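Take a look at the structure set out below.
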Amino acid sequence: MFEGRVAIVTGGTRGIGAAITEMLAKSGAHVAAGYSKGKEPAEACVARLKADGASVSCHQGRVDDFSDCQRVVDEVLERFGRVDYLVNNAGITVDKTLRKMSNDDWHNVLNVNLSGAFHMTKAVLEHMIARGSGRIVNISSVIGETGNVGQANYAASKAGLFGFTKSTALELANKGITANVVAPGFIATEMVKAVPEAALAKVIEKIPQRRLGDPAEVARVVKFLLEDGSSYITGAVYTVNGGLDM
Ligand code: CAA
């Protein structure tokens with residue numbers, strides 16, 4: 001389906017990002033998976049997918065650093081010739097109530113989750129405009145809609161992605177480029193499993209489907225948005241949360 005196409009997936013070797021990398025690669029794309037730290041697990045993820053016949057490469061870079069983003073995009077363009085899809089998935093949590101949250105806790109989360117999407121979009125934009133085509137998917141969160149105790153920084157960053165994506169979609173609508181949001185709920189990843197047990201039990205009670213999501217359940221929506229037939233979808237938000245925001 002995506003043969004000959006090239007995707008960049010930030011945070012693409014762990015959690016939801018790894019599921020996206022796997023699904024796009026199995027659909028025929030070359031996937032350039034970004035990671036910031038943990039070279040060995042990143043390379044292990046890529047090696048596992050390659051052993052399955054997928055075309056995947058991994059690229060170290062911090063999304064909160066614009067020059068790293070530009071370097072990674074240039075590296076991908078040089079090695080693979082094009083970028084069709086950008087999936088801004090990299091994200092972190094530093095959960096603390098506001099009274100305990102430091103300025104650094106605030107800025108670090110905003111810099112990765114929100115500025116990271118800006119940096120990567122900016123780095124790839126001129127290439128996509130020159131080709132007259134491209135797809136951008138930003139991974140937000142149900143927390144961007146609902147807020148959460150202990151997540152003022154994370155909620156603000158994920159809410160910011162809604163406005164950022166819609167502005168991107170508006171500016172690029174006449175240039176063959178779409179930009180959409182996928183907003184997952186609580187998905188079974190290391191990030192969610194790190195939530196204190198009692199707090200997580202309370203969250204699951206509130207999810208109408210009473211379970212965590214599977215990373216592949218998010219990845220399939222990303223894949224759908226990248227398909228050629230999804231060309232009239234832009235500036236949209238797709239939630240994947242077991243009904244949590246109803
Ligand atoms: N509702 C209302 N108030 C709450 C609360 C809740 N659920 N949990 C804690 N509070 C209040 C407490 O009552 C307390 O208030 P007082 O000072 O007035 O008594 C205050 O918050 C601090 O409470 P604690 O000392 O117990 O809290 P803490 O500082 O040790 O930890 C916390 C608080 C950081 C929020 C911790 O409970 C926590 O980590 N919760 C989980 C947060 C969470 O759900 N994270 C999701 C991560 S996964 C993800 O983000 C992916 C995604 O996109 C969905």
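From a predicted model like this one, the values you see are computed outputs, not experimental measurements. Quick note: numbers below take in every heavy atom, side chains included, and nothing from hydrogens, waters or symmetry partners. One is the number of the first residue; the rest follow in order along the sequence.
Contacts of Phe80 classified as ring-ring contact (aromatic ring centres under 6.0 Å, His included), with partners at least two apart in sequence or in another chain: His30. Glu3 is linked by a salt bridge (Lys or Arg N to Asp or Glu O under 4.0 Å) to nothing, counting only residues two or more places apart in sequence or in another chain. Scored by the salt bridge (Lys or Arg N to Asp or Glu O under 4.0 Å) test, Lys193 finds no partners at all (sequence neighbours excluded).
Among residues at least two apart or in separate chains, side-chain hydrogen bond (donor to acceptor under 3.5 Å, both in side chains) pairs with a member in residues 137-151 are Asn88-Asn138, Asp95-Gln151, Asn138-Thr165, Asn148-Gln151. Sorted by first and then second residue, the pairs that involve residues 168-183 and meet side-chain hydrogen bond (donor to acceptor under 3.5 Å, both in side chains), not counting sequence neighbours, are Arg135-Thr178. Sorted by first and then second residue, the salt bridge (charged side-chain N to carboxylate O under 4.0 Å, His left out) pairs with a member in residues 225-246 read Arg5-Asp228, Lys223-Glu227; sequence neighbours excluded. Annotation: salt bridge (charged side-chain N to carboxylate O under 4.0 Å, His left out) contacts involving residues 146-170, sequence neighbours excluded, are absent. Sorted by first and then second residue, the side-chain hydrogen bond (donor to acceptor under 3.5 Å, both in side chains) pairs involving residues 31-54 (not counting sequence neighbours) form an empty list. Sorted by first and then second residue, the salt bridge (charged side-chain N to carboxylate O under 4.0 Å, His left out) pairs involving residues 200-209 (not counting sequence neighbours) form an empty list.
Annotation: the span from Leu172 atom CG to Thr234 atom OG1 amounts to 8.0 Å, rounded to 0.5 Å. With rounding to the nearest 0.5 Å, the separation of CG in Asn153 from CD1 in Ile143 is 11.5 Å. Distance check, rounded to the nearest 0.5 Å: CE of Met246 to OG1 of Thr239 gives 9.0 Å. To the nearest 0.5 angstrom, Asp64 atom CG is 6.0 Å from Asn111 atom CG. Separating the CG atom in Leu212 from the CZ atom in Phe186 is a distance of 8.5 Å, to the nearest 0.5 Å.
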Taking distance alone, no hydrogens or angles, what donor-acceptor pairs closer than 3.5 Å link side-chain atoms of residues 123-134 to residues at least two apart or in another chain?
from, atom 1, to, atom 2, distance (Å)
His127, NE2, Val83, N, 3.0
Arg131, NH1, Val83, O, 3.4
Arg131, NH1, Asp84, OD1, 3.4
Arg131, NH2, Asp84, OD1, 3.2

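Using a distance-only test at 3.5 Å, with no hydrogens or angles considered, a donor-acceptor pair links the side chain of Thr21 to the main chain of Gly12. No side-chain donor-acceptor contact under 3.5 Å links Arg79 to the backbone of Asp74. Between the side chain of Arg210 and the backbone N or O of Ile207, at least one donor-acceptor pair lies under 3.5 Å. Using modelled atom types, no side-chain atom of Glu78 and backbone atom of Glu75 make a donor-acceptor pair closer than 3.5 Å.
Through direct or indirect side-chain contacts shorter than 4.5 Å among Ile, Leu, Val, Met, Phe, Trp and Tyr, Met1 is connected to Phe2, Val9, Ile16, Ile20, Leu24, Val31, Tyr85, Val87, Val137, Ile139, Val182, Ile187, Val218, Val221, Val222, Phe224, Leu225, Leu226, Ile233, Tyr238, Val240. Side-chain contacts under 4.5 Å among hydrophobic residues (ILVMFWY), followed directly or transitively, place Phe162 together with Val181, Val237.
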Problem - Check against side chain to side chain donor-acceptor pair (under 3.5 Å), Asp104 and Ser102 - result: CA-CA 5 Å; Asp104 279 353; Ser102 69; 5.3 Å; no
Handout entry: side chain to side chain donor-acceptor pair (under 3.5 Å) between Ser57 and His59, worked out
Key = CA-CA 7 Å; Ser57 52; His59 305 259; 2.8 Å; yes
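Among all heavy-atom pairs drawn from Asn113 and Ile92, the shortest one is OD1-N, 2.9 Å. Taking all atoms of both residues into account, the shortest heavy-atom contact from Asn241 to Pro184 is CB-C, 4.4 Å. Residues Ala90 and Val63 share a closest heavy-atom pair of CB-CG2, 4.1 Å. Considering every non-hydrogen atom in both Leu114 and Ser157, the closest pair reads CD1-O, 3.9 Å. Here the shortest heavy-atom pairing between Leu49 and Glu22 reads CD2-CG, 3.6 Å. Closest non-hydrogen pair, Val195 versus Leu200, comes out as CG1-N, 3.8 Å.
In the hydrophobic cluster analysis, where Ile, Leu, Val, Met, Phe, Trp and Tyr join through side-chain heavy atoms closer than 4.5 angstrom, Val112 is grouped apart from Phe118. Under the 4.5 Å side-chain heavy-atom criterion for grouping Ile, Leu, Val, Met, Phe, Trp and Tyr, Phe66 is not connected to Ile8 through any hydrophobic cluster. In this structure, Val192 is a member of the same hydrophobic cluster as Val203, with clusters built from ILVMFWY side-chain heavy atoms closer than 4.5 Å. Transitive grouping of hydrophobic side chains (ILVMFWY, heavy atoms separated by less than 4.5 Å) keeps Met120 and Phe164 in distinct clusters. With hydrophobic clusters built from ILVMFWY side chains whose heavy atoms lie under 4.5 angstrom apart, Met191 shares a cluster with Ile204.
Between Arg62 and Asp68, none of the side-chain N atoms (NZ, or NE/NH1/NH2) sits under 4.0 Å from a carboxylate O, so this pair counts as no salt bridge.
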